[in-house]
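Quick caveat, the model's predicted, so the values are computed rather than measured. Order of the sequence lines fixes the chain letters, A, B, ..., with proteins taken first and strands second; residue numbering starts at 1 for each chain.
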There are 2 protein chains.
Amino acid sequence: MPPKIKSVAEREELRSRIMQAARLLFVERGIEAVSMREIAKKINYSATTLYHHFADKESLLQAVCDEDFLNLASSMREIMQLPDLVKRIEGLANGYARFALQNPSHYRLMFMTPRAPCDVEKTRIQRGNTEQDAYAQLKQVVHDAFVAGLFKPALTDDALIAQTLWAGIHGVCALQIALGGEDWIEWRNVNERLALMQKTLLQSMLRHVDAPM
Amino acid sequence: MPPKIKSVAEREELRSRIMQAARLLFVERGIEAVSMREIAKKINYSATTLYHHFADKESLLQAVCDEDFLNLASSMREIMQLPDLVKRIEGLANGYARFALQNPSHYRLMFMTPRAPCDVEKTRIQRGNTEQDAYAQLKQVVHDAFVAGLFKPALTDDALIAQTLWAGIHGVCALQIALGGEDWIEWRNVNERLALMQKTLLQSMLRHVDAPM
DNA sequence: ATAATTTCTTAACAGTGTTAATTTAACGAT
DNA sequence: ATCGTTAAATTAACACTGTTAAGAAATTAT
C-alpha cells in the first residue's frame, strides 16, 4: 500500500532511515551477517524498497561507511590546526586509532577487506582530498614536516614515511580488531601498544626527539 | 554409486583431495567466493560428501590454512637456528612477511578476519607451541634477546616488544593485501615499506645498531 | 473519469550452507 | 550362497541469501 507521492525531502529521509538501520545492524552483528531483508524489516519496508535507494548491498554499506569516514576526516581538521607539526602527526595517529577501535566494523570494511578496484567509483569520498580522506591528511602533514627538515636526512621519501607510519598504526588497530579477543595471545593493553608503536616510529624517524627512550 | 569400503588410508586420501581442491579454488578466487558445491564438483563428488570429512565450510578452510601455517612455522625453524639473535628477529620478520604476501587469502582468513573465540577449538595448531605457531616463535626470540640485554633499558616488557614488532610487519602486509590494488594511493614498493618498517622499529628498540640511519 | 506516474509489495530466480532420508556396494556370519 | 549390517555416497529438501520482474495501490495530470 504505497501511501502518497513523496517530496525530495521525504525521499532523502527514507534513504537515511535505511542507512541508519543498516548501520545499527551491521555494527552490532558484523557486516556479512546482516541481510537486506533484515535491514528492511527493521524499518517496516520490504527488501525491494532498499533497491530503489541503493544499487546493491555493497553500495548501501559503502554509503554508511562513507558517512562515518567523512565524519572522521572532519574531526581531524581540528587536529590539523595544531601549530606544532610533530604534535599534529601524533594527533592524527591518535585520532585515527581511536576511530578504528571505536568503529571496528566500519574500519574492517574500509581498510581490512580487499575489494575490486572499480569499487572506488561507488564511494562518495574524494580520495586525495585533504578535507575528506584521512590518509591524505597524514600525507600532507608528513610532507610539511619533511619540507621543514624534521626527519632524519637518510629518509628521502616523504610518501614512504607516511605509508610506514600508517602501516604501524594500522597494524596495531587491525590486529586488535581481528584477534583482540583471542586469549592464546597475552595481549598488552591496546593503548600501550599504540603508544609504543607511535613513540618507536617517530623516535627513529625524527631528527630531534624531546624525550628519547 | 558408492564404490567399495575404504581403508583408513583411502579415507585420508579423499580428505586431502578435498583440501587440495578447496585450496586451489579459494586461493584463486577468494575465500567467500567458493561454494561447497564447487569444491565438490572439482573432484567429482557431491557436496554432501564434504560434510562427512569436515563439520562445515569453516572447518574445511581452517584445515587448509592450518596445513600451510604449519608449513610456515616449520620453515621458520631453520631461521630460528641462526646464532645472531638480531639476525634471527630479522629473519622471522622477513619470512613472515613473505608468507603473508604469497598467501594473501590464507593470511586474510587467519589474521585479518575476526572470529568467535570458540573457533580456536576448530584449529589443529597448538597456539603458543614454538613448533607450530609463528607468533610464539617471535615471542621466544624477543624474549631471548630481552634476557640478553639487547633492548634499550626503557623497554621493560618483552611481550609488548614482540606485539609491537608483529603489529608493524602485519600493518605493512595487511595494508598491501587489502589496499595494494587501490591506485588512489601512490604505494611505494612493498619491500621498501617492509624494510623501512623493520629498520625503524629495530633501530629505536635495540640498544646497539650496526648501521644507524 | 481516464491515463500516467510514483511508491511499494509480492513472487520468483538462482544461488548458498547444511541436513534428512535413501540408495548402493561391500563385508562378516550363518 | 544368502542374510543382515555397515560404510560411502547420493538425491531431495530446508531455510536462507542478494537481486529482479511483474503487479498493485495511491497520487497527480489531462
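A:Arg23 is linked by a salt bridge (Lys or Arg N to Asp or Glu O under 4.0 Å) to A:Glu67, A:Asp68, counting only residues two or more places apart in sequence or in another chain. The ring-ring contact (aromatic ring centres under 6.0 Å, His included) test applied to A:Phe54 returns no partner, not counting sequence neighbours. Applying the salt bridge (Lys or Arg N to Asp or Glu O under 4.0 Å) rule to B:Arg188 yields the partners A:Asp157; only residues at least two apart in sequence or on another chain are considered. Legend: residues meeting salt bridge (Lys or Arg N to Asp or Glu O under 4.0 Å) with A:Arg29, ordered by chain and number and at least two apart, are A:Glu38. With sequence neighbours left out, the salt bridge (Lys or Arg N to Asp or Glu O under 4.0 Å) criterion links B:Glu186 to A:Lys139.
Across its full length, the helix from C:dA1-D:dT30 to C:dT30-D:dA1 shows an angle of 30° between the axes of its 5 terminal pairs at either end, rounded to 10 degrees.
Atom CZ in A:Phe54 sits roughly 15 Å away from atom P in D:dT20 (whole-Å rounding). Computed from coordinates, the B:Glu58 CD to C:dG17 P distance equals 13 Å when rounded to whole Å. Distance A:Asn44 CG to C:dT10 P: 12 Å, rounded to the nearest Å. Protein atom CD of B:Glu38 is 10 Å distant from nucleotide atom C1' of C:dT16, rounded to whole Å. In this structure, A:Leu14 places its CG atom 13 Å from C1' of C:dT6, rounding to the nearest Å. If you take NZ of A:Lys41 and C1' of D:dT17, they are 14 Å apart, rounded to a whole angstrom. Distance, A:Ile18 CD1 to C:dC8 C1': 12 Å, rounded to whole Å. Atom NZ in B:Lys57 sits about 17 Å away from atom C1' in C:dT19, given to the nearest Å.
You'll find that the side chain of A:His52 is closest to C:dT9, out of D:dT11, D:dG18, C:dT9. Taking every side-chain heavy atom of B:His53 into account, D:dA9 is the closest of D:dA9, C:dA11, C:dT16. Closest to the side chain of A:Ala47, from the set D:dA12, D:dA8, D:dT19, is D:dT19.
Under 4.0 angstrom from either OP1 or OP2 of D:dA9 there lies at least one side-chain N or O belonging to B:Tyr45. Listed pair A:Tyr51 / D:dT20 fails the phosphate criterion, with no side-chain N or O lying under 4.0 Å from OP1 or OP2. Listed pair A:Thr49 / C:dT9 meets the phosphate criterion, a side-chain N or O lying under 4.0 Å from OP1 or OP2.
Side-chain polar atoms of A:Asp56 and A:Ser59 form a donor-acceptor pair below 3.5 angstrom.
Salt-bridge formation is not detected for the pair B:Glu90/B:Lys199: no Lys NZ or Arg NE/NH1/NH2 atom is positioned less than 4.0 Å from an Asp or Glu carboxylate oxygen. Taking 4.0 Å as the cut-off between side-chain N and carboxylate O, A:Arg108 and A:Glu32 count as a salt-bridged pair.
Every pair passing ring-ring contact (aromatic ring centres under 6.0 Å, His included) that includes a residue from residues 187-206 of chain B is listed here, sequence neighbours excluded: A:Trp166-B:Trp187. Sorted by first and then second residue, the salt bridge (charged side-chain N to carboxylate O under 4.0 Å, His left out) pairs involving residues 45-54 of chain B (not counting sequence neighbours) form an empty list.
At a cut-off of 3.5 angstrom, the base of C:dT10 holds at least one donor-acceptor pair with the side chain of A:Thr48.
Interface residues of residues 20-37 of chain A facing DNA chain C, ordered by number: A:Arg37; criterion, heavy-atom separation under 4.0 Å.
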